[in-house]
Amino acid sequence: MEQDYRPHDIETKWQKKWNESRIFEPEPDSREKFFITIPYPYLNGNLHAGHTRTFTIGDVVARHKRMLGKNVLYPMGFHVTGTPIVGLAELIASRDPQTMDVYERLHGIPGDILPTLDTPEKIVDYFKVESEKAMRMIGYSIDWRRKFTTTDPTYKKFIEWQYIRLEEKGLIVKGSHPVKWCPNDNNPVEDHDILHGEEATIVEFTLIKFRYKDLVLPCATLRPETTYGVTNLWVNPKVDYVKARVEKDGKVEFWVVSKEAFRKLTFTDREVEYVEDVPAKDIIGIMLTNPVTGDEVISLPASFVKPGNGSGIVMSVPAHAPFDYLALRDLYDADLSEYGITEDLSEIKLISLIKVPEFGEFPAKEIVETMGIASQADPKAEEATKIVYRREFHGGVLKEITGKYTGYPVSKIKDILTRDFIAENVGETFYEFSEPVVCRCGTPCVVNMVKGQWFLNYSNPEWKEKVYKCLNQMRIIPAEYRVEFENKVDWLKDKACARRKGLGTRLPFDKEWLIESLGDSTIYMCYYIVAKFIQKGDLTIDQLTLSFFDYVLFGKGDAAAVAEETGVTPALLEEIRSDFTYWYPVDLRSSGKDLVPNHLLFFLFHHVALFDEDKWPGSLAVNGFVSLEGQKMSKSKGPILTLESAVSEYGADITRMYILSTAEQTQDADWQKTGIDSARRQVDRFYAFARDVIESGKRATIGTELKQIDRWMLSRMQNYIRETNVALDSIQTREAIQNSFFLLINDVRWYQRRGGEALLYYVLDTWVRLMAPFTPHLCEEIWEAMGHEDPISLAQYPLYNDDLIDEGAELAEELVKGTLDDVEEIIRVTKMTPQKVHLYTAPAWKTEAINCACTIQAEGSLDVGTLIKALMANPEMKRFGKEIPKFVQKLVPEFKSGGAERYETFAGLGLDEEALLKESSAFLEKEIDCPIEIYSADSPAYDPEKKSRFAEPLRPAIYIEAKKEE
RNA sequence: GCGAGGGUUGCCCAGCCAGGCCAAAGGCGUCGGACUUAAGAUCCGAUAUCGAAGGAUUUCGUGGGUUCGAAUCCCACCCCUCGCACCA
């Protein structure tokens with residue numbers, strides 16, 4: 001080995017060897033397989049630190065499983081479908097200054113190349129080469145024979161096949177969906193087009209159609225169940241209302257809404273025509289029919305009604321809505337004769353429809369009274385509304401007045417009621433922003449229903465049921481994410497799956513549309529199996545027919561007929577099919593946590609829709625993001641750190657080690673210069689240790705006679721081996737590196753300090769294999785220098801060996817270390833310079849007391865009384881009668897509070913403390929730098945300060961004589 | 001608002017599910033020492049507070065509670081991060 005650690009030389013050497021020996025290009029064999037996939041990167045830039053983390057995690061898992069004897073397949077492809085690459089090409093073509101700067105400086109694209117990347121195709125061609133280069137230079141054990149790009153014509157054939165099969169199953173449907181829309185640009189607005197209201201979301205309201213003669217006065221609500229408690233409507237006398245002809249699905253109605261609401265309606269999936277203005281007075285004081293209950297309710301004037309919210313007409317539920325209650329109460333004494341209202345409004349009875357534990361019959365009235373809210377203007381009214389709403393939503397159930405819905409929890413009722421109300425034509429859905437949205441052009445945006453859109457029917461209950469079933473059978477890593485996945489499955493609605501713009505595959509049954517890019521990346525893991533044959537030239541594009549994919553991926557159809565139809569030889573067809581059945585399903589899909597609510601969900605949905613249960617994925621893992629010195633990364637605006645630049649600067653192994661050890665699993669990692677600099681030193685230390693051990697030429701193994709410190713080293717190492725394996729199995733790379741590196745290196749240091757050297761070679765042999773998944777190049781280099789001929793990448797991963805556990809050796813070292821620490825502490829506190837240190841090991845009677853305590857403990861009845869009694873029964877112990885109670889009173893609580901184990905080991909092995917300390921006295925003398933004398937407290941030859949009486953088992957008494965000041 | 005995660009000793013962070021040698025692992029930083037002509041690297045030690053004998057005291061977002069015993073269990077509250085879609 002070289003004197004100095006030169007990462008790049010070592011890494012280039014081993015990458016070349018791996019590539020030439022093809023050890024990461026697996027073929028089916030008799031071993032158990034492990035198929036791991038990471039979502040392929042989207043190529044609108046170079047791979048960055050976030051990719052580095054996710055892909056390195058995948059590589060470590062792949063390498064670990066491979067060393068455990070599995071046949072591991074870790075493939076990779078490139079995702080390019082969708083709009084961002086098109087957008088990037090436009091920005092480069094127009095020489096957008098920020099884009100040019102970020103891509104040249106941060107993505108590291110040479111200044112003479114960047115301007116040439118002015119079409120999507122050129123961008124894809126450039127980045128797929130760069131990305132593969134980057135992944136090779138960090139040493140991923142990827143089978144590159146299977147790479148592909150999502151615009152490959154062959155991949156498109158695969159996507160077409162998939163969508164045809166989904167459509168046949170009725171999982172792709174046509175419909176409308178709401179989008180944020182700018183009426184001026186006549187276009188959907190995306191987040192970066194928005195001037196104000198980026199935070200706004202589209203909220204689904206239910207319009208309840210109250211009727212007056214032949215007119216409909218719709219009221220928008222988020223809580224359709226409250227329709228059962230409506231006592232009146234609110235109309236603002238100062239607002240302009242219009243009558244409109246509204247046609248939907250061939251059905252014509254005449255609606256009265258505010259002018260603003262009319263405008264919003266024109267963008268919905270309704271035909272809307274203006275008929276005439278309606279003075280507010282005309283619709284105040286009228287009696288309307290509640291379409292749900294059939295009750296007659298009156299419309300009343302209210303200034304709080306905002307014309308821009310909902311329809312500009314509000315339904316009033318004073319039993320449950322504090323504002324409604326307050327507004328109604330305010331009118332009790334008002335003179336409303338100008339609206340022709342002469343009724344005594346205090347006669348209006350509140351209608352209760354929700355039972356909630358915290359409140360009585362009328363929660364709104366109750367809270368207004370207990371909080372002492374005077375009027376609608378009182379700010380506490382807002383708070384009261386929130387409280388009532390929350391309590392009712394979470395804990396409320398519907399009362400008998402709601403008929404067949406009685407007993408339903410409020411939190412579950414909205415979707416059911418909306419569906420039923422629409423079916424009965426008493427309600428409709430209506431979308432509105434949670435806050436106003438303004439386009440960059442200055443125009444207020446609206447919610448527009450895009451018609452004739454293609455959807456993946458994710459809301460389909462049977463489909464969801466299958467996904468739940470799949471999730472139930474899967475391992476989710478970490479386990480806390482299971483509930484997150486389940487929530488998201490529940491929440492997922494139909495998803496638009498086709499767009500007009502971008503790169504991608506045309507929808508086979510409606511060629512005007514392109515398949516949306518999240519929808520074309522759901523089951524592509526199976527395409528890796530086919531891709532190998534395509535890359536090799538065994539398959540032509542014409543051969544990729546529907547029946548070809550049916551046969552190879554589903555096992556459907558007749559092999560001979562498929563061979564006949566496609567011209568693929570039966571032997572090849574069988575080979576592809578058997579490759580598929582060998583590798584599939586995916587054993588582990590590991591990804592950044594940003595993909596949980598989208599890609600990973602769709603991955604599950606499409607697998608369960610298309611494949612039989614035995615091909616459903618086995619496990620899912622998620623990891624956190626990476627920030628740079630506390631700042632979020634952004635591909636397009638920076639900052640960004642590319643994989644290539646990290647590896648160029650620090651080397652592959654150091655980068656891998658750092659990114660995996662800096663944060664655990666779902667926690668976000670922060671890339672800091674001080675952190676990676678320290679990782680560099682750690683790896684360097686490992687290299688230096690290995691070099692010294694190899695150069696020393698000592699090769700003893702565990703076959704030779706072992707000293708206590710050797711047995712200690714072996715025993716400690718077993719624990720780290722076990723913990724590392726457990727951690728890697730649950731993808732806790734930080735924990736794994738903590739055990740396999742940091743804790744182990746500290747013990748090796750202690751081993752050497754204690755004079756251990758016989759087993760250094762053996763330790764290194766195990767250690768280097770333990771570290772190989774994390775720092776594979778360096779480990780290959782050391783492994784080779786140790787004389788091994790086969791690559792460490794294929795060597796056996798260390799496994800926990802119970803036979804090498806030596807509790808006695810561990811306890812003995814604990815005694816030595818503890819004694820040393822105590823002596824040092826005394827010296828520090830007293831600030832003395834020691835002349836001589838005297839150690840007294842525990843007297844035999846105390847050891848006997850411990851033995852006795854262990855016996856009683858085993859019987860399960862240890863307490864102070866029984867132990868004293870048992871000891872006093874022994875005539876030998878009688879003469880210590882005065883000291884026994886005091887010692888026992890201290891000892892028993894220690895047993896109770898977790899200290900039992902070490903005493904049991906001590907008692908069980910019958911450790912001889914005096915002999916142990918004498919063996920270590922040379923070491924202790926060297927450390928403390930003064931002579932040491934060891935006695936038994938039973939008969940100390942020298943004990944001027946009577947310290948020996950403090951001696952306890954595993955805790956020798958100490959007396960230090962200070963050097964006299966000259 | 002809804003959902004998820006988090007608040008630990010100078011910093012990053014482990015511990016919490018299975019309460020007890022937990023003043024709390026590991027790393028970083030800082031300070032002191034060894035080595036060196038020197039620097040770096042490496043090694044040793046310290047790093048809540050107090051302490052001239054290995055000890056004592058106060059800590060784990062805040063306030064309560066359960067328990068012989070709480071960073072860990074229960075309740076309430078405060079604060080932070082992320083997601084809420086048709087976009088990869």
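Order of the sequence lines fixes the chain letters, A, B, ..., with proteins taken first and strands second; residue numbering starts at 1 for each chain. Note that these values count all heavy atoms, side chains included, but never hydrogens, waters or copies made by symmetry.
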Item to check | B:C17 to B:G10 separation - P atoms, rounded to the nearest Å | outcome: 25 Å
Checklist entry - B:G40 pairs with which nucleotide, Watson-Crick or G-U wobble, both distances below 3.5 Å? => result none
Item to check | Gap in Å between the two P atoms, one belonging to B:C79 and one to B:G63, rounded | outcome: 16 Å
Checklist outcome for this item: Side-chain contact check for A:Thr830: nearest option of B:G54, B:A52, B:G83 is B:A52
Next on the checklist: In this structure, how many angstroms lie between the C1' atom of B:A4 and the CZ atom of A:Arg482, rounded?
Outcome noted: 16 Å
Next on the checklist: Under 4.0 Å, counting only non-hydrogen atoms across every strand here, what does A:Ile960 touch: a base, just sugar-phosphate, or nothing?
Outcome noted: base
Next on the checklist: Check the phosphate of B:G55 against A:Arg955, side-chain N and O only, distance under 4.0 Å to OP1 or OP2. Yes or no?
Outcome noted: yes
Checklist entry - Contact class for A:Pro956 (heavy atom, under 4.0 Å): base, sugar-phosphate, or nothing? => result base
Checklist entry - Taking the side chain of A:Tyr42 as heavy atoms from C-beta outward, which of B:G26, B:A88, B:A53 is closest to it? => result B:A88
Next on the checklist: For a quick test of reading the model: is some side-chain N or O of A:Arg680 closer than 4.0 Å to OP1 or OP2 of B:G27?
Outcome noted: no
Checklist entry - So, A:Asn623 and A:Lys593: side-chain donor and acceptor under 3.5 Å apart, yes or no? => result no
Checklist entry - How would you label the contact of A:Lys632 with the nucleic acid (heavy atoms, under 4.0 Å): base, sugar-phosphate, or nothing? => result sugar-phosphate
Next on the checklist: So A:Phe625, base contact, sugar-phosphate only, or nothing? Heavy-atom distance under 4.0 Å.
Outcome noted: nothing
Item to check | B:C43 to B:C82 separation - C1' atoms, rounded to the nearest Å | outcome: 44 Å
Next on the checklist: Applying a 4.0 Å non-hydrogen cut-off, can you work out what A:Asp670 is touching in the nucleic acid: base, sugar-phosphate, or nothing?
Outcome noted: nothing
Item to check | Length of the CZ-P vector between A:Arg828 and B:G54, whole Å | outcome: 12 Å
Next on the checklist: Students often get this wrong, so: under 4.0 angstrom with heavy atoms, is A:Lys493 touching a base, only sugar-phosphate, or nothing?
Outcome noted: base
Next on the checklist: Is a donor from one side chain sitting under 3.5 angstrom from an acceptor on the other, for A:His48 and A:Arg53?
Outcome noted: no
Item to check | Who pairs with B:C2 - Watson-Crick or G-U, where each distance is under 3.5 Å | outcome: B:G83
Item to check | B:C50 versus B:U36 - spacing of their C1' atoms, nearest Å | outcome: 38 Å
Checklist outcome for this item: Winner on side-chain proximity to A:Phe950, out of B:A25, B:G54, B:C21, is B:G54
Checklist entry - How are the rings of A:Tyr458 and A:Phe602 set relative to one another: parallel (under 30°), tilted (30 to 60°) or perpendicular (over 60°)? => result parallel
Next on the checklist: Evaluate A:Trp181 against A:Phe433 for ring-ring contact (aromatic ring centres under 6.0 Å, His included), listing each step before the verdict.
Outcome noted: CA-CA 11 Å; A:Trp181 185 269; A:Phe433 296 128; over 10 Å; no
Next on the checklist: Angle between ring planes, A:Phe741 versus A:Phe686, binned at 30° and 60°: parallel, tilted or perpendicular?
Outcome noted: perpendicular
Next on the checklist: When both hydrogen-bonding distances must be under 3.5 Å and the geometry is Watson-Crick or G-U wobble, what is B:C13 paired with, if anything?
Outcome noted: none
Next on the checklist: Using a 4.0 Å heavy-atom cut-off, does A:Asp821 contact any base of the nucleic acid, only the sugar-phosphate backbone, or nothing at all?
Outcome noted: nothing
Checklist outcome for this item: Side-chain contact check for A:Leu518: nearest option of B:A88, B:C84, B:G26 is B:A88
Next on the checklist: Would you call the rings of A:Tyr524 and A:Tyr40 parallel, tilted or perpendicular, taking 30° and 60° as the class edges?
Outcome noted: parallel
Checklist entry - What is the nucleic acid contact for A:Glu516, judged by heavy atoms within less than 4.0 Å: base, sugar-phosphate only, or nothing? => result sugar-phosphate
Item to check | Parallel, tilted or perpendicular: ring planes of A:Phe455 versus A:His177, cut at 30 and 60 degrees | outcome: perpendicular
Next on the checklist: Counting the atoms with a prime plus P, OP1 and OP2 as sugar-phosphate, which does A:Glu484 contact under 4.0 Å by heavy atoms, base, sugar-phosphate, or nothing?
Outcome noted: sugar-phosphate
Checklist entry - Does any nucleotide pair with B:C73 by Watson-Crick or G-U wobble geometry, both distances under 3.5 Å, and what is it? => result B:G65
Checklist entry - So what does A:Arg685 hit on the nucleic acid, given a heavy-atom distance under 4.0 Å: a base, only sugar-phosphate, or nothing? => result sugar-phosphate
Checklist entry - Looking only at side-chain N and O atoms, does A:Arg749 come under 4.0 Å of OP1 or OP2 in B:C43? => result yes
Next on the checklist: Using a 6.0 Å cut-off, check whether atom CD of A:Glu629 has over 12 heavy atoms from anything other than its own residue.
Outcome noted: yes
Next on the checklist: Here's a test of your reading of the structure: between A:Ala957 and A:Lys495, which maps to the more 5' nucleotide of RNA chain B?
Outcome noted: A:Ala957
Next on the checklist: Does A:Ala663 reach a base, just sugar-phosphate, or nothing at all? Heavy atoms under 4.0 Å.
Outcome noted: nothing
Item to check | Exercise: do A:Asn746 and A:Arg749 side chains pair donor with acceptor under 3.5 Å | outcome: yes
Item to check | Under-4.0 Å side-chain N/O to phosphate OP1/OP2 contact, A:Asn739 with B:A25 | outcome: no
Next on the checklist: Whole angstroms only, please: what is the CD-P distance between A:Gln667 and B:A4?
Outcome noted: 18 Å
Checklist entry - Does any donor atom in the side chain of A:Gln857 or A:Tyr903 lie under 3.5 Å from an acceptor atom in the other side chain? => result no
Next on the checklist: Base, sugar-phosphate or nothing for A:Thr83? Non-hydrogen atoms, less than 4.0 Å.
Outcome noted: sugar-phosphate
Checklist entry - So what does A:His599 touch, heavy atoms closer than 4.0 Å: a base, only the sugar-phosphate, or nothing? => result nothing
Checklist entry - A:Trp454 CH2 to B:C86 C1': how many Å, rounded? => result 17 Å
Checklist entry - Across all strands shown, which nucleotide pairs with B:C50 by Watson-Crick or G-U wobble geometry, both distances under 3.5 Å? => result B:G55
Checklist entry - What nucleotide among B:A4, B:A53, B:G83 has an atom nearest to a side-chain atom of A:Pro597? => result B:G83
Checklist entry - Can you tell me how far C1' in B:U8 sits from the matching atom in B:A24, rounded to whole Å? => result 9 Å
Checklist entry - So what does A:Leu595 touch, heavy atoms closer than 4.0 Å: a base, only the sugar-phosphate, or nothing? => result nothing
Checklist entry - Among the nucleotides B:C84, B:G54, B:G27, which one has an atom lying closest to any side-chain atom of A:Gln682? => result B:G27
Item to check | A:Thr666 vs B:G5: side-chain N/O to OP1/OP2 distance below 4.0 Å | outcome: no
Item to check | G-U wobble or Watson-Crick pairing nucleotide for B:A24 (cut-off 3.5 Å, both distances) | outcome: none
Checklist outcome for this item: 5'-most contact on RNA chain B (nearest-nucleotide basis), A:Glu480 vs A:Lys501, goes to A:Glu480
Checklist entry - Where the side chain of A:Ile826 is defined as all heavy atoms beyond and including C-beta, which of B:G54, B:C84, B:C86 is the nearest nucleotide? => result B:G54
Item to check | Length of the line joining A:Tyr720:OH and B:G26:C1', which is rounded to integer Å | outcome: 10 Å
Next on the checklist: Rounded to whole Å, please give me the gap between CG in A:Leu456 and C1' in B:A85.
Outcome noted: 13 Å
Checklist outcome for this item: From NZ of A:Lys831 across to C1' of B:A46 the rounded distance in Å is 13 Å
Item to check | Interatomic distance where CD belongs to A:Glu825 and P belongs to B:A53 [whole Å] | outcome: 11 Å
Checklist entry - Within less than 4.0 Å of OP1 or OP2 of B:G29, is there a side-chain N or O belonging to A:Arg681? => result yes
Checklist entry - When rounded to the nearest Å, what value does the distance between P atoms of B:G20 and B:G69 take? => result 15 Å
Checklist entry - Taking atom C1' in both B:G3 and B:C74, what distance in whole Å separates the two? => result 23 Å
Checklist entry - How far does the P atom of B:G26 sit from the matching atom of B:C44, given to the nearest Å? => result 12 Å
